[in-house]
Amino acid sequence: MATNKTPGKWRKRTIGVRGGTMRSPFQETSEALFITSGYAYENSEEAEARFKGEIPGYQYSRYANPTVTMFEERMAMLEGAPLAQATATGMAAVSAALLSALNAGDHIVAAKAMFGSCLNVVTDILPRFGVSHTLVDGGDVSAWQAAIKPNTRMFFLETPSNPTLSIVDLRAVAKVAGDAGITLVVDNAFASPILQRPLEFGAHVSVHSSTKYIDGQGRALGGVVCCTEEFYKKYLQTWIRNTGPSISPFTAWLHLKSLETLDMRMRQHCENAAKVADFLAGQRKVTRVLYPFRADHPQHNLARAQMEAGGGIVAFEIEGGKKAAYKLSNALGIIDISNNLGDAKSIITHPETTTHSKLTPEARAELGVTSGLLRLSVGLEDADDLCEDLEQAIKAA
Ligand SMILES: *Cc1c(COP(=O)(O)O)cnc(C)c1O
């Protein structure tokens with residue numbers, strides 16, 4: 001865990017480059033990678049005092065590590081959160097946020113449109129520990145209100161959602177949660193802290209898969225929980241220390257260095273995605289384009305109110321169902337078929353048969369995951385090359 005030491009002091013680009021930097025006695029300009037599990041004490045008295053928390057200092061890398069601290073502090077500053085805790089994966093961040101705070105007998109309300117593994121945690125894992133759930137249409141604020149039971153302790157949502165990019169009104173849902181004393185946890189992986197800061201709208205916890213835009217180059221898995229001091233002290237701290245979902249210092253270092261370019265990269269992802277979305281909308285065989293900042297997105301006003309740009313993901317539907325979707329994907333020359341996202345390399349996914357294949361056909365239909373739907377994570381290549389690649393592939397479909 002690292003706290004946000006200079007709240008509100010710098011703009012995001014400066015934070016991304018310099019936030020949280022600590023220098024060793026060698027005065028290195030690039031942040032050091034501390035590959036160490038333990039830390040030596042001058043004497044036994046010092047060991048005792050560090051364990052008691054009477055003096056600062058590291059004890060063991062399951063709890064904290066200097067490279068990890070730098071990454072966490074930079075993330076807390078970017079997110080505008082009091083503190084951040086890094087984890088080994090995005091799912092470790094999600095499960096730590098949920099499992100640390102919920103008890104047997106509690107109830108959670110979650111949006112239906114969610115990353116597959118998040119949905120699995122809510123609907124399959126939490127019930128085994130006595131936590132019940134209600135799934136709601138995240139875009140319907142009254143549905144959140146109506147789902148509250150006397151034992152509701154948490155709201156959990158993702159915005160924009162995977163893969164159909166629906167938007168949840170963060171301020172409105174945070175108000176419903178806040179009025180009822182419910183903790184709001186937001187999965188902020190699709191937006192990144194550059195485009196959206198859920199805590200500013202009243203969320204208590206914002207979780208990230210740093211595997212995605214934060215790494216940005218498809219190299220290493222990681223996650224971050226950004227939260228209030230109260231959430232950390234009450235729930236997260238003992239969970240992290242004792243269950244051990246700790247991030248490797250090497251990954252923390254990769255992600256820390258990636259934050260230096262996150263703002264620039266996000267801007268380019270968004271510019272490219274907007275261009276690709278407009279191009280796709282002009283194609284006769286494309287029956288639907290979903291992009292949060294396009295005027296034809298049903299919630300584009302809401303997206304503009306809570307996000308700084310439309311993000312790097314475009315979803316679109318090709319006429320001819322699965323067969324056409326496969327033909328299109330297979331004909332692509334630049335864009336890769338893969339299920340990751342937020343990479344510098346553009347990636348296309350057929351959600352029905354991959355990321356959302358475990359859902360029932362009814363659940364897929366409700367989310368708008370049709371046979372012809374493709375999710376495109378628009379990378380950092382030249383947008384004109386991407387449009388040309390798509391154009392020839394659409395012809396092949
Ligand atoms: C990828 C992703 C996750 C899971 O993160 P991992 O790093 O793969 O564990 C959770 N939520 C969203 C929205 C994601 O895109």
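As the structure lists them, so they are numbered: ligands from 1, and atoms in each ligand from 1. Side chains are part of it too, since the values below use all heavy atoms of this structure and drop only hydrogens, waters and symmetry mates. For reference, positions follow the sequence shown, starting with 1.
The hydrophobic side chain of Ile55 is isolated, with no ILVMFWY side chain under 4.5 Å apart from it.
Annotation: side-chain hydrogen bond (donor to acceptor under 3.5 Å, both in side chains) contacts involving residues 182-202, sequence neighbours excluded, comprise Glu79-Asn188, Asn188-Gln196, Arg197-Glu200.
With salt bridges taken as basic N to acidic carboxylate O contacts below 4.0 Å, none links Lys275 and Glu271.
For Phe71 and Trp253, the distance between ring centers is not under 6.0 angstrom.
In this structure Glu391 satisfies the salt bridge (charged side-chain N to carboxylate O under 4.0 Å, His left out) test with no other residue, sequence neighbours excluded.
Counted by atom type alone, Thr349 and Thr354 present zero donor-acceptor pairs between their side chains at under 3.5 Å.
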Need the list: ligand 1 N/O atoms against protein N/O atoms, distance under 3.5 Å, rounded to one decimal.
residue	atom	partner	partner atom	Å
ligand 1	5 (O)	Ser209	OG	3.0
ligand 1	7 (O)	Gly90	N	2.8
ligand 1	7 (O)	Ser209	OG	2.8
ligand 1	7 (O)	Thr211	OG1	2.6
ligand 1	9 (O)	Gly90	N	3.1
ligand 1	9 (O)	Met91	N	2.8
ligand 1	11 (N)	Asp187	OD2	2.6
ligand 1	15 (O)	Lys212	NZ	2.7

